[in-house]
Structure formats: C-alpha cells, structure tokens
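Working notes, beginning with the structure itself.
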Protein chains: 2
Amino acid sequence: MKNRVRIKDIAEKAGVSKGTVDRVLHKRGNVSPEARKKVLAAIEELDYQRNIIASALAYNRVWKIAALLPRPEEDPFWQQPKLGIGRAHRAVRDYGVTIDFYHFAEANANEFITASQEILDGEYDAVLVAPIFAKEGHDFLDRCQDKGLKYVQINTYLPREDENFMCYIGQDSYQSGMLAAKLLSLGMAEGNAAMILHLEKAVYNSMHLVEKEKGFTDFFNQNSDKSISLFQTSFEDIFNKDAFANFVEKTLDQHPEVGGIFVTTSRAYHLVEALERLGRSQVKVLGFDLIKENLKHLETDRIHFLINQNPLKQGYLAIINIFNQLVLKKDVQKIQYLPLDVVMRENMQYYVNVEEELHLII
Amino acid sequence: MKNRVRIKDIAEKAGVSKGTVDRVLHKRGNVSPEARKKVLAAIEELDYQRNIIASALAYNRVWKIAALLPRPEEDPFWQQPKLGIGRAHRAVRDYGVTIDFYHFAEANANEFITASQEILDGEYDAVLVAPIFAKEGHDFLDRCQDKGLKYVQINTYLPREDENFMCYIGQDSYQSGMLAAKLLSLGMAEGNAAMILHLEKAVYNSMHLVEKEKGFTDFFNQNSDKSISLFQTSFEDIFNKDAFANFVEKTLDQHPEVGGIFVTTSRAYHLVEALERLGRSQVKVLGFDLIKENLKHLETDRIHFLINQNPLKQGYLAIINIFNQLVLKKDVQKIQYLPLDVVMRENMQYYVNVEEELHLII
DNA sequence: AATTCTTCCGTGCACGAGCACATAATTCAA
DNA sequence: TTGAATTATGTGCTCGTGCACGGAAGAATT
C-alpha cells in the first residue's frame, strides 16, 4: 500500500507529532491554534483520508445492533430480510459489529412491545426495526429517541423527524400500486374490469395496503385511453379454501368482465389455486413477493406478474447503512426506496438466483 | 471486539507459538505432524476465522487491477460500468487495491490491441475486460492465460476454460430476447406482427444481438396462444435521420399489422423519433438501456419498455469479485447473470436513483 | 519564589495477522 | 562422537490508527 498518506506523513509535513494530528482529527481539543492550523493545512494539501482498516483494528470496539422483526417461521417473507441481515453481518463482522435478533408474531403487538423493551434495556448502539404496528412502532421509536438509540426502519415507514432516525429502507407502496395497474392494463381490453383483492386481516390498519390501492386506482383515473372499471374486495379467512373459492366464484359471477386481479399482498397463490378449482384461469393475476408458493405459479404463467419487494436487500442494506453511519461515519440518505422489480416467468430465474447469492463483499 | 478467536488463542490452546499456527494456516511447511495436528484441532474446536481487517493491514501489499473498456465519452452506456468500478474501488481501496483504466474506441479493434498490450506489460494482478471484439478478445485472453494474469469479463461473454478466467458478469442475451417478446406480446392482438430491429453495424458479428433475436423468435414459437407473425430488419446509418425515417415508413407500410417493435440495441430513441416524425406513435416499442435519451421517451410512454442491462452493477460486481477472489481468497461463481429488469414509466425512477446512489459499503 | 493547576504536545503501547530472523531440536554424515 | 545440515519452533518487529500516560511550558495561586 504505497503512496497512501498516513497520519505520520501529516505530522511530518506540519512539524508536529502524530499525537497532535490525532487530536485535531478527533477534535479532542488541547491543541494550540497554530498547530491546529498547520495540521489542517497539511491534511488539505496531502488529501489525507483515514485508513478504515487500520482504524477499525485500533478501535477494537464492539458495535451492538439489535434487529426486531416478525418471526420468520410464521411467514416465509420474513426469512428474507433475516438472510440479508446475516449476509451483511458477514461483510462487516470484522469491524466489530454484532447483531442480536428479536422476533415477534405478526399478529401480536404485545410481543413487539416485550421485545422492544428488552432492546431498550440492552445497551445497543443501533436498532433495525420493521415497525408493522403503527401505534406500538411509534411508541418504541419515541423511546429510542429519548434514550438516544439510533434506528433504521425497513419495510414499513413511520414518518419521523428526530435525530436518531437513521433511514428507511423499503418500497414506495403507492407507486407499486401504479405499476401494478399499468401491468394489468397492458392485457386488458375496452370495457374490462380490474379487481383489487386484499387478502389480509384489518386492511385499513395497514397503511401500505391503502397506499397500494390508491396508486392502483389513480393510475386508471389518469390513463383513460381504455375505459376500465374498478372495484375493491377483501377476504380474511384465506385458510378456509371452500369459503374462499365460493367468495371468488360469486365475485366473478357478479363481475364477468374482470380481466385482471390485483392481489395487494403476498398471497396471490391462494387466489390462483381457487381460480384453478373453479376452472377460471384465463384472468390475469398480479401479486407481490417471490415466495416459493408464488414462484411455482409464476413458472406456469398462472400468476402473470409479481412485484418484488426485495426483502433480502432490505435487510442487507439496513445493516450496511447502520454500518456506514455508525462505523464509517458517512452520511446516509433518509429515504431509500428499493426498485419495484417486475418479475415474470421469463426473468424470474435471475431474481431468484440473486436472492440465493448476493454477490457482495463477504 | 471481544470473544473473537485470535491466532494467539489457538496457539495457547494447541500449546505452540503463534508462529507455528501461522505456518499451518499458510501451509508454509516446517511443522511437525504432531504440532500440525494439535493446531488444526484447535482451529476446528475454536472455530477460528481469520480477521480480514488485521490481515489486510499486515499484508500491506498493493493489488494492481487494470480495467479495459470502450471509451465512455463516445457512448454513454460505458460511463456506467466506469462509475460502478469507481464505487467498488472506494469500497476496497483500503485493502490496497489500485485500478488503472485503459480505453479503446468501440469501433477500433486496433486500439483494443494496443491497450491490451500495455496491460500485459504492466505487471497487474488481475484485469477486468469488456471483450466486445470476439477475435481480438480471445487473443488477449489467451495471452493473459500464458502470462498467468487473472481476468474478469463483463458485458460480453467469451466462453473460456482456463484457470485464469475468474468470472463473467453480465446478461443472458437469449433470455432477454424471450423477455422482450413476452412484454411486447402482452399488448398485441391476434394477427398482429412483431418487428425485430437491429440498429447497429455488423450485426452478425455481435453474438449478443444474434442471441437476443433467437430468444425473441423462440418465445413466439413456443407460445402460440395468439398467432403473431415475425420479421427482422436492420439499419446501420442511423445518424442520417431522413434515410432512417424513410426506411421506417417503408417497412411499416409493407407491414401495416405491426403491433410491437423490438429494438435490440440501446438506440430505441432513434426509432421513436422517426415514428414521431411519421405520426405513427401507436405501436409499442421496447429497447435496452436506461440512457438519458431513452428515459426521456420512457417518461412520456413513447418507449414502452426498457430492459436494464445494469451496466453500473456490472462494473461494480466485477471489481468486488476480483477482490473476493484475490484478496479474500473466496471462491466465486464463474457465470453471474444480472437480473433482466423490466423498466417502465411507473418504476423507472427507482432504477435511475439506484444508478445514482448504489448504497453499498463505501 | 515556590507551589499547584492548566494547556499543550510527544512517546509508546495496543489491536491481530504476516513474516523475517534467531534459536532450539533433530537428523545425517564423517 | 563431534560437527554440519536440516527441520522445527519461538520471538519480535511491521502495518496505520487510537488512546493513555507523562512530561514540558506557562499561567495562576499562595
């Protein structure tokens, strides 16, 4: 590593010792104005940049990060961010970063509260959280704020202004609705209808579902080259297959002109299985997330489009961003939207592969 | 950084000195079988993993990488890999990695030869190359092989078997043709025609254009739910706008049923401008690459789809892969296809943003 | 004038791995 | 059985940065 400017070089140039340079660099005080000036001039002139490697080695400290996510055993979606966090951890481990996982059930806000309390008591440097409960999420982040604990949000965005909010990594739900509408509209003819289907409990507590629906309807309002009618439905009890098939059948009978169905959650595969039972597979289906169950149907073109939420990347980038800010002291962007990947049978393999093998520094 | 197992810990556990452990780890020999056995047992038991940070600092060597690409001033596409290489360089700089750029004109194989000779003379540890000339590319890689110089290919893949071939980072051209066909077919009706348009000189010297065309036609052969006819055209002299407009007009007059045009290169914007002059903007257009000229038309829905070749990521990952193999001594995958991103007006902003700010370790 | 207290600055060790050199143990030859 | 050659092992310095400690110089107090 020749030619790289070292602290020692600055010290020589400025005619002081490396200790003084160090005090200037770290703003530790106890430096005379003249010495300070000479050091700063030397830093400027030689274009000094701290050697991160040596710095990390010398620091020899532990950066404690907590990750607070829904239980991955219950929903395959949440395995992906956890995987991404693990990958990122391997990339930054040698800098002294440790990560502890805390989990809660997706339907259980109390578990969220309990886990978040443990984190607050745990002397962490930063926390990565998926604040899927709006109220409890805000409460937790308020307390992080009080305690001076830095946090990164993934997947769900709770708008925040305080100093400790590092960044949000996730999707633009509204725009994903727009994109869904565009994709479904491609194959639809004049007079067709588009159906919005929420397969989730308590839809209107989930801001991102509301936003998706809004984007979807706005697209059709703004693009009126074909006249397409819209309607919205939802169904909660998806594990009751008969009831669900009945519901689908009745809805389609009422709306025989349906040309496309927008499933706002990751459960498009349930719809497809119902459609198949009913022998109504000609309608186009769009859903979210590259989970196994969906991919199976994408491969046979029964699901026509999936929008990828990049959950692995969400976890990966959240850790990398914490690392950049905490350890490398870089500024990071507050809102980081991941791309809305359009996945079809013809390009799915690459997204699935990428999930398997994110080719970054390990 | 507590609890991490160090060489010293292994030495103590095995009852030898850290020098002996070092000799075992680096297979330097001069270790008695018994000592070796004890050391290996200790490594196993304590699950030792080398501290990359400390290792890089101690190595204190320079890794010289050469990058051989077309001149970015001549084609905006090639600015992107160069940007990606720069980003990656910042991420690995402190490990002692240096990168020198060599450029050649896209139409000038002699410049390629000259530059590659300089690289061969330059004592590099690895070279990143876009071997867009098949013959000259193979010649160069043969000489790398003779000299023991490791190489990574981006963008264009020349199949190689030798030891020095590290990996290929780029696209699957055949599959991108398939995807293009699927996308254009979505909006087409029974009896429509799809047009393949090569806007490039010497098309049949460019393997990737041939592959794209093949994928495109294979899609329609394999999916015959609608009967769509296909035909192929090409035009070289794109900078002669009148001649090109004439050509487009004549072609469309001969094929009035054209519902979609597949532009196999990054020059879709030329087509769109010609169509506009002719007042024939209703036909769907698909092209490649998120360059400024294309994005302008994507935004107004005159280009309907762009397939992203991820040129920035190609450059970024090429360097990261060299780093992983050279410095960190990890195995890397030989063929790494990047995803085929479907970009439309509704999701373009995210891909453009990502190009601006790749959020990785800097 | 002698003392404490600041302010300023330099020296030296630590981090963990790599590697050169010195030294100890063993083998082999004469 | 002694000396040389070979093999095995340990010691200590290096990389660049961070930080603690201690000393010097000057200001403030008695």
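Letters go in sequence order (proteins before strands), and every chain restarts at 1. Heavy-atom basis, side chains included; hydrogens, waters and symmetry copies ignored.
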Q. Looking at C:dG18, C:dG10, D:dG16, which one has an atom nearest to any side-chain atom of A:Thr20?
A. C:dG10
Q. Below 4.0 angstrom, N of the basic side chain to O of the carboxylate: do B:Asp125 and B:Arg61 qualify?
A. yes
Q. Whole-Å distance between C:dA17 P and B:Ile53 CD1?
A. 11 Å
Q | Whole-Å gap separating C1' (D:dA20) and CG (A:Asn60) | A | 15 Å
Q: Counting heavy atoms from C-beta on, name the nucleotide in D:dC15, D:dT9, C:dC19 closest to the side chain of B:Leu57.
A: D:dC15
(Q) Strictly below 4.0 Å, N to O, side chains only: are A:Glu163 and A:Lys150 in salt-bridge contact? (A) no
Q. Given A:Asp94 and B:Arg50, is the salt bridge (Lys or Arg N to Asp or Glu O under 4.0 Å) satisfied, shown in steps?
A. CA-CA 9 Å; A:Asp94 286 345; B:Arg50 193 165 52 108; over 6 Å; no
Q | D:dG16 phosphate, OP1 or OP2, under 4.0 Å from A:Ser55 side-chain N/O | A | no
Q) Reckon A:Lys18 touches a base, only the sugar-phosphate, or nothing at all at heavy-atom distances under 4.0 Å? A) base
**Q.** Those residues of residues 40-50 of chain A lying under 4.0 Å from DNA chain D by at least one heavy atom
**A.** A:Tyr48, A:Arg50
Q.
Taking atom types as they are modelled, would you say the side chain of B:Arg28 forms a donor-acceptor pair with the base of C:dG18 within the 3.5 Å cutoff?
A. no
Q: For B:Ile7 and D:dT11, give me the distance from atom CD1 to atom C1', rounded to whole Å.
A: 15 Å
(Q) In this structure, how many angstroms lie between the P atom of C:dG18 and the CD1 atom of B:Ile52, rounded? (A) 11 Å
(Q) Given C:dG18, C:dC8, D:dG18, identify the nucleotide with an atom nearest to the side chain of A:Asp22. (A) D:dG18
Q | For atom NZ of B:Lys37 and atom C1' of D:dA8, their distance in whole Å | A | 18 Å
Q | Check ion pair B:Lys27-B:Asp22 (N to O, under 4.0 angstrom) | A | no
Q) D:dT17 P sits how many Å from A:His26 NE2, rounded? A) 10 Å
**Q.** Nucleotide D:dA20, atom P - distance to OH of A:Tyr59 in whole Å
**A.** 12 Å
Q | Flag for B:Asn321-B:Gln325: side-chain donor and acceptor within less than 3.5 Å | A | no
Q. Side chain of A:Arg6: nearest nucleotide among D:dT17, C:dG16, D:dT7?
A. D:dT17
**Q.** A:Lys13 and A:Glu45 ion-paired at < 4.0 Å
**A.** yes
Q. Where the side chain of B:Ala35 is concerned, which of C:dT11, C:dG18, D:dT9 is the nearest nucleotide?
A. D:dT9
Q.
I need the CZ-C1' distance between B:Arg61 and D:dG16, as an integer number of Å.
A. 19 Å
Q | Any donor-acceptor N or O pair under 3.5 Å, side chains A:Tyr48, A:Asp9 | A | no
Q. Can you find a donor-acceptor N/O pair under 3.5 angstrom joining the side chain of B:Arg23 to the base of D:dG10?
A. yes
Q) Is the B:His103 ring parallel, tilted or perpendicular to the B:Phe101 ring (thresholds 30°, 60°)? A) parallel
Q. When the nearest nucleotide of DNA chain D is assigned to B:Ala58 and to B:Gly29 on a heavy-atom basis, which residue is associated with the more 5' position?
A. B:Gly29
